[in-house]
Amino acid sequence: MKTLTRGDAIKTITTHYIDGSFVESHGREVMDIIKPTNAQVIGRVTLGDEEDTRHAIAAAKSAFASFGRSTKEERAKILRRLHEAASARLDDLTAAMVEEYGGVVQFAGLIVQSGVNAFLAAEKALQELPLTRSWGKTTVTLEPVGVAGLITAWNANALFICLKLASAVAAGCTVVIKPSELSSLQTRVLVEALHQANLPKGLLNVVTGLGNVVGPEMVRSPDVAKISFTGSVAVGETIMRDGAKTMKRVTLELGGKSPTILLDDAVLDQAIPSALLMAFLNSGQACAAGTRLLVPKRRFDDVKRGIRDAMRVFAVGDPADPKTTVGPMVSQKQYEQVQSYIRKGIEEGAEVLVGGEGHPQGFEAGYFVKPTIFVNVKNDMTIAREEIFGPVLCVIAYDSEDEAIRIANDSKYGLHAAVLGTDLERARRVASQIRAGRVVINGMTDDPQAPWGGFKYSGIGREYGQYGIEAFLEPKAILE
Ligand code: NAD
């Protein structure tokens with residue numbers, strides 16, 4: 001079978017992208033692709049095995065022999081070509097994300113756009129990054145680490161592929177990508193697009209397969225120097241442990257339980273919608289989702305009222321409708337996980353302010369859940385400690401600014417945080433005390449040159465900008 005054909009009732013993918021062309025899978029296992037809005041089969045993907053993975057690694061290794069010696073200008077040109085090629089399929093990519101994992105179209109569009117922009121952002125960072133520094137009789141060069149294995153999560157798979165690929169190419173690495181098996185359709189659209197960039201053969205290789213088949217083969221291969229992984233803590237731990245045998249360099253972008261601190265001088269009409277937007281980002285299936293909202297005790301009743309009003313905007317709906325803010329969960333498993341946390345929250349004594357168990361009315365067919373907000377949550381409850389990865393927000397009361405900071409930092413995670421308040425100096429002072437890789441003040445915002453990554457269990461290393469490129473480089477000193 002061939003590449004995805006638009007218009008087919010059932011889309012089938014049987015090839016991987018290795019050494020510059022689409023090649024039939026050696027692995028024979030076939031997986032259904034299920035549409036989350038109605039649980040119907042919309043596609044089938046033939047999964048790669050260890051042999052496919054070794055084939056891809058060998059192609060990347062062979063290509064590294066020349067691409068590893070490429071100049072900054074050659075890499076910059078390739079990044080511009082990748083940007084142009086990916087830009088040509090923006091709408092197709094967004095449509096695939098909406099169909100395949102139920103990403104709401106307004107968010108999926110932004111994700112795809114930032115993925116495509118990652119190539120130009122990496123080019124800018126590369127131009128500004130000195131790859132050679134000298135003093136006296138010493139010269140230090142930043143050398144590409146080698147073949148890089150890039151493993152992505154499903155929730156913004158196209159963005160993760162573009163981001164990791166852009167940084168790796170800027171550094172002079174060749175890559176083998178293992179996309180999430182839950183993102184096979186969007187990966188195919190993206191790879192078809194990137195194929196048009198006329199890359200050196202073997203620079204980009206993509207094997208779609210199960211995490212526990214393709215992933216470990218990449219992790220144990222002595223020919224893969226680096227793994228850049230986005231996904232769960234559990235898999236991140238496995239990669240770090242098993243990668244030690246071949247001294248793998250690792251970047252791990254893992255989970256979060258991000259706090260949003262609403263300061264007592266915040267204007268609630270602005271702060272509450274902003275907090276809800278961050279909580280329900282990507283239907284709550286976002287590593288950076290602000291799922292713990294810390295609220296001053298004396299404004300608690302006003303906040304509860306404000307939340308009830310603002311929730312009218314966060315209605316569940318068809319993810320293809322531009323007005324929809326919350327779509328379905330990606331899978332039945334994810335649906336059940338969210339339900340079990342909602343039950344747990346109730347058992348542990350938190351109060352349901354909005355939402356609750358079960359499907360929202362009229363959305364029984366797919367994996368839709370009710371956006372749920374718990375109040376009277378204590379930070380030691382399971383729902384406040386564990387990543388739920390769904391639209392479930394915990395509202396926690398605090399007495400003082402110091403207590404808010406203490407609660408925010410009382411988490412095994414440290415990926416992202418937000419501070420909402422009127423006095424900017426104060427908001428900055430609070431932000432400076434949060435142990436997280438990124439803190440946004442007064443709303444979700446992005447800067448493709450700013451580092452992204454986590455403290456503590458949220459991971460190791462950083463992506464974006466020069467920080468992301470440096471993760472694929474090794475310093476080498478020559479002394480005379
Ligand atoms: P996951 O860990 O289940 O899967 C991630 C990827 O790892 C998939 O491609 C999967 O096939 C692969 N994998 C599974 N087992 C493997 C193994 N043994 N060896 C190697 N690879 C293996 O995570 P997910 O469900 O796809 O994504 C959700 C998680 O990702 C959440 O915890 C979320 O917070 C996190 N995430 C983090 C970021 C970030 O930037 N920090 C971004 C998005 C998602």
Side-chain angles (χ1 to χ4, degrees), residues 60-83 117-150 162-175 199-200 202-204 222-229 239-240 243-244 246-253 414 428 431-432 435-439 446-456 458-480:
K61 184 182 177 184
S62 162
F64 183 70
S66 53
F67 189 65
R69 296 199 307 274
S70 54
T71 63
K72 203 183 239 195
E73 202 34 58
E74 286 163 343
R75 296 176 204 168
K77 262 192 208 144
I78 289 181
L79 288 168
R80 290 195 291 271
R81 293 213 300 271
L82 285 164
H83 172 259
N117 290 347
F119 296 113
L120 292 188
E123 189 211 338
K124 179 174 189 292
L126 174 64
Q127 299 291 11
E128 290 166 6
L129 177 68
L131 293 178
T132 306
R133 286 167 219 186
S134 322
W135 59 90
K137 292 186 166 186
T138 299
T139 303
V140 178
T141 54
L142 299 181
E143 306 277 325
V145 65
V147 172
L150 314 180
C162 293
L163 188 60
K164 290 176 192 298
L165 174 63
S167 298
V169 165
C173 292
T174 58
V175 307
L199 301 175
L203 188 162
L204 166 68
D223 292 330
V224 175
K226 157 104 194 177
I227 297 283
S228 177
F229 169 79
I239 289 174
M240 207 166 159
T246 46
M247 209 51 80
K248 286 280 183 295
R249 279 75 179 128
V250 292
T251 295
L252 304 175
E253 296 289 352
R428 288 184 193 126
S432 73
R435 306 266 305 153
R438 255 196 203 196
V439 187
D446 192 22
D447 174 350
Q449 301 300 329
W452 175 273
F455 283 38
K456 303 186 268 182
S458 291
I460 291 182
R462 295 293 181 268
E463 297 195 283
Y464 282 99
Q466 293 191 4
Y467 304 90
I469 300 174
E470 281 166 0
F472 291 93
L473 292 168
E474 292 273 24
K476 171 178 156 188
I478 298 184
L479 292 77
E480 292 170 17

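Numbers here simply count residues along the sequence, with the first being 1.
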| message | Regarding Glu128 and Lys124, does a basic nitrogen lie under 4.0 Å from an acidic carboxylate oxygen? | response | yes
| Atom CZ of Arg80: over 12 foreign heavy atoms under 6.0 Å | yes
| said: Taking the side chain as everything from C-beta on, heavy atoms only, tell me whether Leu165 gets closer than 4.5 Å to Val175. | reply: yes
| remark: Tightest non-hydrogen contact, residues Ser70 and Gly172, listed as OG-CA, 4.4 Å
| query | Does Lys72 reach the side chain of Lys77, with side-chain heavy atoms less than 4.5 Å apart? | reply | no
| query | Can you pull the salt bridge (charged side-chain N to carboxylate O under 4.0 Å, His left out) pairs that have at least one residue in residues 460-478, sequence neighbours excluded? | reply | Lys164-Glu463, Arg249-Glu474
| task | Tell me, with the steps shown, if Phe472 and Thr251 meet side-chain contact (heavy atoms from CB on, under 4.5 Å). | result | CA-CA 9 Å; Phe472 291 93; Thr251 295; 5.9 Å; no
| query | In chain order, what residues pass the side chain to side chain donor-acceptor pair (under 3.5 Å) check against Glu480, with sequence neighbours excluded? | reply | none
| query | Nearest heavy-atom pair of Ile469 and Ala125: which atoms, and what distance? | reply | CD1-CB, 3.8 Å
| Between OG of Ser134 and CD1 of Ile478, what distance do you get to the nearest 0.5 Å? | 10.0 Å
| Say you draw a straight line from OG1 of Thr139 to CG of Leu479; how long is it, rounded to the nearest 0.5 Å? | 8.0 Å
| query | Above 12 or not: heavy atoms from other molecules or residues under 6.0 Å from OH of Tyr467? | reply | no
| query | Given side chains that start at C-beta, do those of Pro144 and Phe67 come closer than 4.5 Å, heavy atoms only? | reply | no
| task | Kindly give the heavy-atom pair with the smallest separation between Gly468 and Ser167, and that separation in Å. | result | O-CB, 3.6 Å
| query | Take atom CZ in Arg81; do more than 12 heavy atoms of anything else shown fall under 6.0 Å from it? | reply | yes
| field | Within-4.5 Å side-chain heavy-atom neighbours: Met240 and Ile227 | value | no
| task | Check whether any side-chain heavy atom of Leu473 lies under 4.5 Å from a side-chain heavy atom of Leu131, and answer yes or no. | result | yes
| Out of curiosity, Trp452 CH2 to Leu163 CG, how far, rounded to the nearest 0.5 Å? | 10.0 Å
| message | Could you tell me if Ser458 and Lys456 have a donor-acceptor pair between their side chains, going purely by distance under 3.5 Å? | response | no
| Would you say the side chain of Ile78 lies within less than 4.5 Å of the side chain of Pro200, judging by non-hydrogen atoms? | yes
| note | Shortest non-hydrogen pair, Ala450 vs Arg438, comes out as O-NH2, 2.9 Å
| query | Hey, does the side chain of Thr174 reach the backbone of Ala60 with a donor-acceptor pair shorter than 3.5 angstrom? | reply | yes
| Main-chain N/O of Val224 paired with Lys248 side-chain donor or acceptor, under 3.5 Å | yes
| Which atom names give the shortest non-hydrogen contact between Val439 and Ala431, and what distance separates them? | CG1-CB, 3.7 Å
| Would you say the side chains of Thr71 and Glu73 form a donor-acceptor pair under 3.5 Å? | no
| field | Interatomic spacing from CD1 in Ile460 to CD in Glu253 - rounded to 0.5 Å | value | 10.5 Å
| query | Ignoring hydrogens and geometry, is there a side-chain-to-backbone donor-acceptor pair from Lys226 to Ala471 under 3.5 Å? | reply | yes
| Shortest non-hydrogen contact between Val169 and Arg75, atoms and distance | O-CD, 3.3 Å
